[in-house]
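For the numbers below, each heavy atom of this structure counts, side chains included, while hydrogens, waters and symmetry mates do not.
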Amino acid sequence: MEEAVNSTIDPACLQEPPLAIDVIKQLDVFGVCLYSILTFMSCISLLLYLEQCVYIYKKLPYPKKTTIIWINGAAPVIATMSCFGMWIPRAVMFTDMTSNCYFAVVVYKVLVLMVEEFGGSSVFLDRFSDKAFRINTGPCCCCCPCLPRVPMSRRMLFLLKLGALQYAILKTVLSILSIILWTNGNFDLSDLEITGTAIWINPFIGVLTIISLWPVAIIFMNTNSFLRSLNIIPKYAMYQLILVLSQLQTSIINILALDGTIACAPPFSSQARGSMLSQQMMIMEMFIITVVNRFLFRRTYDTLPSENLCKLNQYNLIDSKYERDKFPLSDLGELTL
């Protein structure tokens, strides 16, 4: 009975992903059109990003321009790597890890950007020093409203930055280790045995991801009301969308491929076909995000005024000397900004 079942499986469904030349040979008219359009979209994404880099470099001051260039590069880098993975299926592991390592740096840069929008770490601490910050935010503690508020301090800001930075460092190190083990035949995503390395490395990377997203969410939830004029909410939404599409969507497709839900289509095995579908979807999605980010970040903004300056401006709005006597400058801290 087992031999009868095995005889119905196409041998190509059990092989490695095809070579690039084999992918080209099996393309029909629809496949040629599809691959051409997706390649064109990834090239346009890259060109838009390069043009955006020139604009940002000329218009924005350092170090904000470096941070924004990094964040803007997430979508076009993922689209470009997905295009390489679509044409060269055997390189998917390298292209995916390159995209993930780049996005790991972007997670840290998003936190840095929100701090720099206030004028840097010193100005940020001057503005929020000893003010209580909510820490019951996602993805770690959104269901824990009983957690106490933590006062912002230099040490607290350092820990938040460290929490985001550790993912960028450890993700790169573990990716290099995974590639080394893969070349030796010890790393296989389809190997779910307890003795396999993938079953240990991938969950650990997942834990590091959650830990790194928490500090970014803490800073955003406590400062987004001050940064609304800088379009911080749609910018943060685009960052979250890239996270969901590049991490969660890809993981779901890979699980469906390993489970056999995504059918084998020679010369692609189930896993290779799942990777191909993931790369194609990613190119289209990242192209749209690149266009949206171009409109969000293609603006120059002045640094937010300090809290003391805001109070002084409010004080100057009081016309009569009588009213100024009623509201002395020392009491303006009670007024809302």
Side-chain angles (χ1 to χ4, degrees), residues 60-61 63-65 67-68 70-72 74 106-161 163-164 210 212-244 289 292-293 295-318 327 329-337:
L60 297 183
K64 184 185 293 187
K65 62 183 177 184
T67 304
I68 293 179
W70 267 99
I71 296 174
N72 268 272
V106 169
V107 172
Y108 171 71
K109 290 295 183 180
V110 170
L111 186 148
V112 172
L113 175 64
M114 288 187 285
V115 173
E116 289 180 354
E117 292 290 15
F118 288 96
S121 298
S122 299
V123 179
F124 181 87
L125 290 172
D126 289 341
R127 187 161 192 158
F128 296 104
S129 182
D130 296 328
K131 291 188 178 179
F133 270 40
R134 287 176 49 202
I135 61 172
N136 57 330
T137 61
C140 290
C141 303
C142 55
C143 299
C144 303
C146 57
L147 287 177
R149 293 174 177 257
V150 178
M152 176 54 61
S153 62
R154 187 171 299 276
R155 181 173 179 271
M156 178 66 175
L157 182 60
F158 171 76
L159 292 176
L160 292 175
K161 288 185 175 182
I210 293 174
S212 69
L213 296 178
W214 191 27
V216 182
I218 290 175
I219 294 293
F220 174 76
M221 291 299 296
N222 289 278
T223 63
N224 70 83
S225 59
F226 300 95
L227 301 175
R228 289 180 184 273
S229 62
L230 307 183
N231 288 336
I232 194 63
I233 294 179
K235 290 175 183 177
Y236 188 81
M238 289 297 104
Y239 145 77
Q240 289 281 313
L241 186 59
I242 295 174
L243 170 68
V244 171
I289 292 176
V292 174
N293 277 344
F295 289 102
L296 289 177
F297 287 93
R298 196 178 177 82
R299 298 175 63 186
T300 57
Y301 301 102
D302 296 328
T303 303
L304 288 178
S306 64
E307 189 173 11
N308 291 333
L309 182 59
C310 291
K311 293 178 181 178
L312 183 60
N313 289 337
Q314 285 185 339
Y315 183 71
N316 290 333
L317 290 177
I318 303 175
F327 299 100
L329 186 59
S330 59
D331 295 338
L332 285 175
E334 302 176 1
L335 297 176
T336 59
L337 296 180

Fill in the blank from the handout: So CG of Leu157 and CG of Leu125: to nearest 0.5 Å the spacing works out to 5.0 Å

Handout entry: Check against side chain to side chain contact (heavy atoms under 4.5 Å, CB included), Phe124 and Met152
Key = CA-CA 10 Å; Phe124 181 87; Met152 176 54 61; 4.2 Å; yes

Handout entry: Euclidean distance, Leu296 CG relative to Ile233 CD1, rounded to 0.5 Å
Key = 12.0 Å

Practice task
Could you check if a side-chain atom of Val216 sits within less than 4.5 angstrom of a side-chain atom of Tyr236, using non-hydrogen atoms only?
Solution key: yes

Exercise for the section: First locate atom CD of Glu117, then atom NZ of Lys64, and finally report the distance between them rounded to the nearest 0.5 Å. Expected result: 4.0 Å

Completion exercise
Separation between NZ (Lys235) and CG (Asn224), nearest 0.5 Å, reads 13.5 Å

Problem - Phe226 and Ile232: CA distance, side-chain angles, deciding distance, side chain to side chain contact (heavy atoms under 4.5 Å, CB included) verdict - result: CA-CA 9 Å; Phe226 300 95; Ile232 194 63; over 6 Å; no

Exercise for the section: Please test Met238 against Ile71 for side chain to side chain contact (heavy atoms under 4.5 Å, CB included), starting from the C-alpha separation and ending with a verdict. Expected result: CA-CA 10 Å; Met238 289 297 104; Ile71 296 174; over 6 Å; no

Practice task
For this output row, return yes or no: ring centroids of Phe220 and Tyr239 closer than 6.0 angstrom.
Solution key: no

Problem - Residue pair Ala74 / Ile242: nearest heavy atoms and the distance that separates them - result: CB-CD1, 4.0 Å

Fill in the blank from the handout: Here the pair of heavy atoms bringing Thr223 nearest to Ile219 is OG1-O, 2.6 Å

Exercise for the section: Can you measure from CG (Asn231) to CZ (Phe297) and round to the nearest 0.5 angstrom? Expected result: 9.5 Å

Handout entry: Check: Met156 and Ile135 side chains under 4.5 Å, non-hydrogen atoms
Key = yes

Exercise for the section: Could you go through the side chain to side chain contact (heavy atoms under 4.5 Å, CB included) check for Trp70 and Val112 one step at a time? Expected result: CA-CA 11 Å; Trp70 267 99; Val112 172; over 6 Å; no

Problem - From Arg154, Glu116, Lys161, residue fulfilling side-chain hydrogen bond (donor to acceptor under 3.5 Å, both in side chains) relative to Ser121 - result: Lys161

Fill in the blank from the handout: Value for CD1 (Ile218) from CG (Leu160), rounded to nearest 0.5 Å, stands at 5.5 Å

